[in-house]
Colleague: 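Encoded as C-alpha cells, here's the structure I'll be asking about.
Everything numeric in this text was worked out from a predicted model, so none of it was measured.
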Amino acid sequence: MFTVEMYKGTKEEKYITVQKQLRALLEGESNQIANLSNASSLLNQFLEQTNWVGFYLVERDELVLGPFQGLPACVRIPLGKGVCGTAASERRTMRIEDVHSFPGHIACDAASQSEIVVPIVKDGQLIGVLDIDSPVKDRFDQTDQEQLEKFVEILTDYL
C-alpha cells in the first residue's frame, strides 16, 4: 500500500526518496498504462508549484496524450512542434524558464509559465516524453532536470 510521505532533506535527497517510491510502485507490474499512471500521480503529489504532470507517447509522427494529472490537455502534438515535440525530436531534455518566450509554444493551459520535458528512450527507440508544467516562471533548475532524468531512467526499465 502507498502512503503519502513527508519528504525530508535536501532537494536531491527528496528526489532519491521519490525514486525509491517509484521502484516500489512499479515492481512486478509490466503494464505501460498502469506504470505511467502511477508515475504521473507520484510526481504530481511530490512536486510543488506544478499544474500538470504527465506523458505523451509516440504514435507514428506525433505525440499522443497519455496518463497525466492536471487539467484536460492537448491530445496530439506533432514531432518537432512546441516544447514536447522539440524535446522528442531532438531526444534531449528541454527546460524552459518562460514558455511564452519559446517560439511555437503550444499552450494547453494558460496558467503554465515554465516547463520541463524529458524524452523517454528505450533500446534506442523513442517511446514518448515526460512533461511537467508550472504556473511559476523559472520553476525548474538543474537539480530538477538531473533528478527527473533519473526518474525517467528508472521508469523506462518498467515500460
Side-chain angles (χ1 to χ4, degrees), residues 1-26 32-57 63-77 81-121 127-156 158-159:
M1 169 156 310
F2 183 82
T3 57
V4 176
E5 177 122 4
M6 296 304 296
Y7 298 98
K8 299 175 186 156
T10 66
K11 192 175 200 176
E12 291 87 354
E13 290 168 338
K14 292 175 185 178
Y15 267 110
I16 289 168
T17 299
V18 83
Q19 290 161 4
K20 287 178 184 175
Q21 289 178 314
L22 177 67
R23 281 188 185 95
L25 274 173
L26 304 185
Q32 184 180 45
I33 297 300
N35 288 340
L36 292 172
S37 296
N38 270 335
S40 63
S41 179
L42 178 61
L43 279 178
N44 188 58
Q45 72 88 29
F46 167 70
L47 292 169
E48 297 173 355
Q49 298 180 309
T50 60
N51 59 322
W52 202 91
V53 177
F55 298 93
Y56 281 91
L57 304 172
L63 295 169
V64 179
L65 182 64
F68 71 94
Q69 301 280 309
L71 293 177
C74 304
V75 174
R76 295 181 183 272
I77 299 174
K81 302 292 182 187
V83 180
C84 287
T86 301
S89 65
E90 295 181 8
R91 294 186 183 200
R92 69 178 178 95
T93 299
M94 304 284 298
R95 192 174 77 222
I96 309 301
E97 296 175 4
D98 179 358
V99 295
H100 303 294
S101 66
F102 186 87
H105 173 251
I106 300 169
C108 295
D109 182 345
S112 294
Q113 298 293 314
S114 61
E115 183 171 10
I116 188 166
V117 179
V118 181
I120 305 168
V121 179
I127 296 173
V129 298
L130 165 62
D131 179 23
I132 305 173
D133 294 355
S134 172
V136 177
K137 285 187 179 175
D138 200 17
R139 158 62 181 85
F140 306 102
D141 62 16
Q142 186 64 33
T143 299
D144 291 305
Q145 180 174 336
E146 291 168 1
Q147 296 301 320
L148 289 168
E149 288 171 345
K150 287 179 184 176
F151 186 94
V152 166
E153 282 179 35
I154 295 164
L155 175 61
T156 301
Y158 297 90
L159 299 179

Colleague: Report yes if some heavy atom in the side chain of E12 is under 4.5 Å from a heavy atom in the side chain of E146; otherwise report no.
Modeller: no
Colleague: Could you list the residues that satisfy salt bridge (charged side-chain N to carboxylate O under 4.0 Å, His left out) with K11, not counting sequence neighbours?
Modeller: D141, D144
Colleague: Can you list everything that forms a salt bridge (charged side-chain N to carboxylate O under 4.0 Å, His left out) with R76? Sequence neighbours excluded, please.
Modeller: E59, E62
Colleague: What pairs with S112 under side-chain hydrogen bond (donor to acceptor under 3.5 Å, both in side chains), at least two apart in sequence or on another chain?
Modeller: N51, D133
Colleague: Kindly write out the residues that satisfy salt bridge (charged side-chain N to carboxylate O under 4.0 Å, His left out) with E90, not counting sequence neighbours, or none if the list is empty.
Modeller: R92
Colleague: Can you name the side-chain contact (heavy atoms from CB on, under 4.5 Å) partners of Q49, sequence neighbours left out?
Modeller: S134, V136, R139
Colleague: Would you say that I132 contacts W52 through its side chain, given a criterion of any heavy-atom pair below 4.5 Å between the two side chains?
Modeller: no
Colleague: Who are the side-chain contact (heavy atoms from CB on, under 4.5 Å) partners of V152, not counting sequence neighbours?
Modeller: V118, I120, L130, T156
Colleague: For F140, enumerate each residue passing the ring-ring contact (aromatic ring centres under 6.0 Å, His included) test, keeping only those at least two apart in sequence or located in another chain.
Modeller: none
Colleague: Suppose we screen for side-chain contact (heavy atoms from CB on, under 4.5 Å). Which residues come up paired with Q145, at least two apart in sequence or across chains?
Modeller: T93, R95, I116, Q142, E149
Colleague: Applying ring-ring contact (aromatic ring centres under 6.0 Å, His included), name anything that partners Y15, two or more places apart in sequence or on another chain.
Modeller: F46
Colleague: Of all residues at least two apart in sequence or in a different chain, which pass the side-chain contact (heavy atoms from CB on, under 4.5 Å) check with A87?
Modeller: M94, V117
Colleague: May I ask you to test the Q32-I127 pair for a side-chain heavy-atom distance under 4.5 Å?
Modeller: yes
Colleague: D98: what forms a salt bridge (charged side-chain N to carboxylate O under 4.0 Å, His left out) with it, not counting sequence neighbours?
Modeller: K137
Colleague: For F55, enumerate each residue passing the ring-ring contact (aromatic ring centres under 6.0 Å, His included) test, keeping only those at least two apart in sequence or located in another chain.
Modeller: none
